[in-house]
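Every chain is numbered from 1, with letters handed out A, B, ... down the list of sequences.
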Amino acid sequence: MARHLITSAIPYINGIKHLGNLVGSQLPADLFARYQRARGHEVMFICATDEHGTPAELAATKAGKPVAEYCAEMHEVQARIAEGFRLSFDHFGRSSSEQNRKLTQHFAVQLHNEGLLREVSETQMYSPTDGRFLPDRYIEGTCPNCGFEDARGDQCDNCTKQLDPVDLINPRSVISGATDLEMRETKHLFLRQSTLKDKLDAWISSKADWPLLTTSIAKKWLHDGDGLQDRGITRDLSWGVPAQFEGAPWSGMDGKVFYVWFDAPIEYLAATQEWADKTGGDWARWWRTDRGAEDVTYTQFMGKDNVPFHTIGFPATILGSNEPWKLVDYIKSFNYLNYDGGQFSTSRGRGVFMDQALELLPADYWRWWLLSHAPESADAEFTWENFQVSANKDLADVLGNFVSRITKFTRSKFGEAIPEGGEWGAREEALTAELTTRIRAYEGHMEAMEVRKAAAELRAIWVAGNEYLQGAAPWTVFKTDPEQAAAIARLALNLIPIYAVLSAPFIPDAAEIMLKAMQHEDRSWPSDVAAALTALPAGHSFATPDVLFRKITDEEREEWQTRFAGRRQ
RNA sequence: GGCUAGGUAGCUCAGUUGGUUAGAGCACACGACUCAUAAUCGUGGGGUCGGGGGUUCAAAUCCCCCCCUCGCCA
């Protein structure tokens, strides 16, 4: 039995994520976790909310709530939605946890002890009215290049020129509109990533089997321009892990916190500690190679925007600490999912968000479409037409109708029990052989995290059932040889629990319904197809299930298309 | 502007280290079946593999130039 540590990139706390975010990390991670569990392996599947930083503070202010309260509420909202999508986290943590505060501070001290931190003084815009330093993009003013009045401190949206906030004419705070901005000197801790460059480079270079998307982004950061740059890991904010604390080997960091991208990945470890504190489990055997994690396989899932932090920043923290922490073994990264010819947009209300999706249809519909169209090799596109056609064809017609036709046929001819009599012939042997080949291929794709290919193979396995029934035609055979028709029905009914177990990682709810209908509790993997096809013996009773997947109508599709098109600006 | 990844049938996508008539699903046409959610199964039509040039006995696959999308960065 292997041990799999699996983490999904942690979603930011401010607001509900859209389907593109879901398919980029949490959903494929869940697919992999469910598959590995189904194969009998031990799995620790971790996710959390990323709660620190300026956007969270601003969102809380907008909602008229203290930031801690806001985050607590939004965490619950995201946790409920995750349950709705059947994301099977062993723990869904919070980066604002006590465990993460301690661990983040521990890593900072450790990096300091290893000589990997340095203090840097710089000047930044300070707003006395807001009582805080302002990040570049929270300053607006007139562009010195084109005269555009709402240019942001980092870039002018009109002429696209890169800017420095000090260049803006009449700069003002985006938060309060205050114009009494001033330059102030401030001190920060920088992680000396540059000294770890060769180590990181060698590590990335050793990962020849990683997705090209992952390694090419990492190599770009390592080699582009002047090479890997040192990075500030503190910020002038109040909401975050305090950078000045009891036992800190530095001073003068009062009122500063660690940068979210420093503490967020550490939350993977901290969330496992949260799990351990809650359950009495042992977190160290998952994360400390000196305490049992030597044989753990660690896989991370994320969208391509998160790759730099997971290939450079976080490994720099882990390697730099010089402590025996478990380093990631495989990084599965995804491209973006676009929405009907453009991007999903939170501000414009464009596209489908996770809570809305669940109001329209059960999770399985979304899970199936998103995973079978996962943006693995390139950006992918969600269209309502494609969603309707795929869901109706694959789920309702191919799988759902298969279950329906054989259970109803059997019920009408033999009653609601596995019928007795008849023998297997060449057709049954051929089906067994085909299923064996296809299931082995499916396993290979799942192991390799080839999500789309796995979905295509699973669909082919469903189709094989329909092909068999169509060829064997028990409704015709029944007229002359009821015993033989019984043998056909018996085999076809036995396909249902096999399909349930194989399909569960993609569509867990439907899988449960299928198993329940067949009154079968055994979820073991069909490694031996011939044996699995006789698991339900003659005489075993079953219940004919309701329609597994209802179809999406044209009217619904059109209505949703309009509803989620977004507000025109 | 630099870098990454792409541009393959009407649509969504596969195409391993260059090698026989370029594949799948959907859509479309025809046929079979009537157990089933007007579902299923079979057959078929359809592509100058973004454009141009080159290497090769042979290129969607390698090299050069150009065009177009997407993202990252400056």
Q. Within the side chain of A:D50, is there an N or O that forms a donor-acceptor pair under 3.5 Å with the backbone of A:Y12?
A. no
(Q) Output the rounded distance in Å from CG (A:N392) to P (B:U40). (A) 10 Å
**Q.** Stacked cation flag A:K332 on A:Y330, 6.0 angstrom / 45 deg
**A.** no
**Q.** RNA chain B contacts among residues 423-436 of chain A, heavy-atom distance under 4.0 Å
**A.** none
Q: Output yes when A:R367 and A:D509 qualify as a salt bridge under the 4.0 Å nitrogen-oxygen rule, no when they do not.
A: no
Q. Starting at the 5' end of RNA chain B, which residue's closest nucleotide do you reach first, A:R459 or A:K304?
A. A:R459
(Q) Return whichever of A:K393 or A:D305 has its heavy-atom-nearest nucleotide of RNA chain B closer to the 5' end. (A) A:K393
Q) OH of A:Y499 to CG of A:L399: how many Å apart, nearest 0.5 Å? A) 8.0 Å
Q. Any ion pair linking A:R438 and A:E434 (charged N to carboxylate O, less than 4.0 Å)?
A. yes
Q: Provide, to the nearest angstrom, the distance between the CD atom belonging to A:E450 and the P atom belonging to B:A24.
A: 20 Å
Under 3.5 Å between N/O atoms: give me all the protein pairs with nucleotides 5-11 of chain B, atom names plus distance.
residue : atom : partner : partner atom : Å
B:A5    : O2'  : A:S377  : O            : 3.4

Q.
Let's test this: given Watson-Crick or G-U wobble pairing with both distances under 3.5 Å, identify the partner of B:A60.
A. none
**Q.** Distance, rounded to the nearest Å, where A:N306 contributes CG and B:C72 contributes C1'
**A.** 13 Å
Q: Pick base, sugar-phosphate or nothing for A:V403, based on heavy-atom distances below 4.0 Å to the nucleic acid.
A: nothing
Q.
Only pairs with both distances under 3.5 Å count, Watson-Crick or wobble alike; so what is the partner of B:U55 in this structure?
A. none
Q.
What's the gap between B:C73 and B:U20 when it is taken at their C1' atoms, as a whole Å value?
A. 46 Å
Q | Distance, rounded to the nearest Å, where A:Y468 contributes OH and B:G42 contributes P | A | 16 Å
Q: Test the A:K304-A:Y336 pair against the cation-pi criterion, namely NZ or CZ under 6.0 angstrom from the six-membered ring centroid and within 45° of the ring axis.
A: yes
Q: Using the six-membered ring of A:F478, assess whether NZ or CZ of A:K413 lies under 6.0 Å from its centre and within 45 degrees of the ring axis.
A: yes
Q) In whole angstrom, what separates A:F382's CZ from B:C13's P? A) 13 Å
Q | Distance, rounded to the nearest Å, where A:W462 contributes CH2 and B:G25 contributes C1' | A | 13 Å
Q: Using the P atom as the reference point in each nucleotide, state the distance between B:A36 and B:C30 in Å, no decimals.
A: 25 Å
Q.
Can you tell me the base-pairing partner of B:A24? Count Watson-Crick or G-U wobble geometry only, both distances below 3.5 Å, and say none if there is no partner.
A. B:U12
Q | Sequence-aligned protein contact record of nucleotides 31-38 of chain B, with B where the base is within under 4.0 Å of a protein heavy atom and S where only the sugar-phosphate is | A | --SSBBB-
Q | B:A29 - base-pair partner by Watson-Crick or wobble geometry, distances under 3.5 Å | A | B:U43
Q. Within 45° of the axis and under 6.0 Å from the centre of the six-membered ring of A:Y259, does NZ or CZ of A:R235 qualify?
A. yes
**Q.** Gap separating the CD1 atom of A:I439 from the CE atom of A:M446, nearest 0.5 angstrom
**A.** 12.5 Å
Q: Indicate yes or no: at least one non-hydrogen side-chain atom of A:D397 is less than 4.5 angstrom from one of A:K551.
A: yes
Q) Less than 4.0 Å between a side-chain N and a carboxylate O, is that true for A:D230 and A:R118? A) yes
Q: May I have the step-by-step check of side-chain contact (heavy atoms from CB on, under 4.5 Å) for A:L319 and A:L200, ending in yes or no?
A: CA-CA 8 Å; A:L319 290 170; A:L200 289 167; 3.8 Å; yes
(Q) Tell me the interatomic distance from A:D394, atom CG, to B:C13, atom C1', rounded to whole angstroms. (A) 13 Å
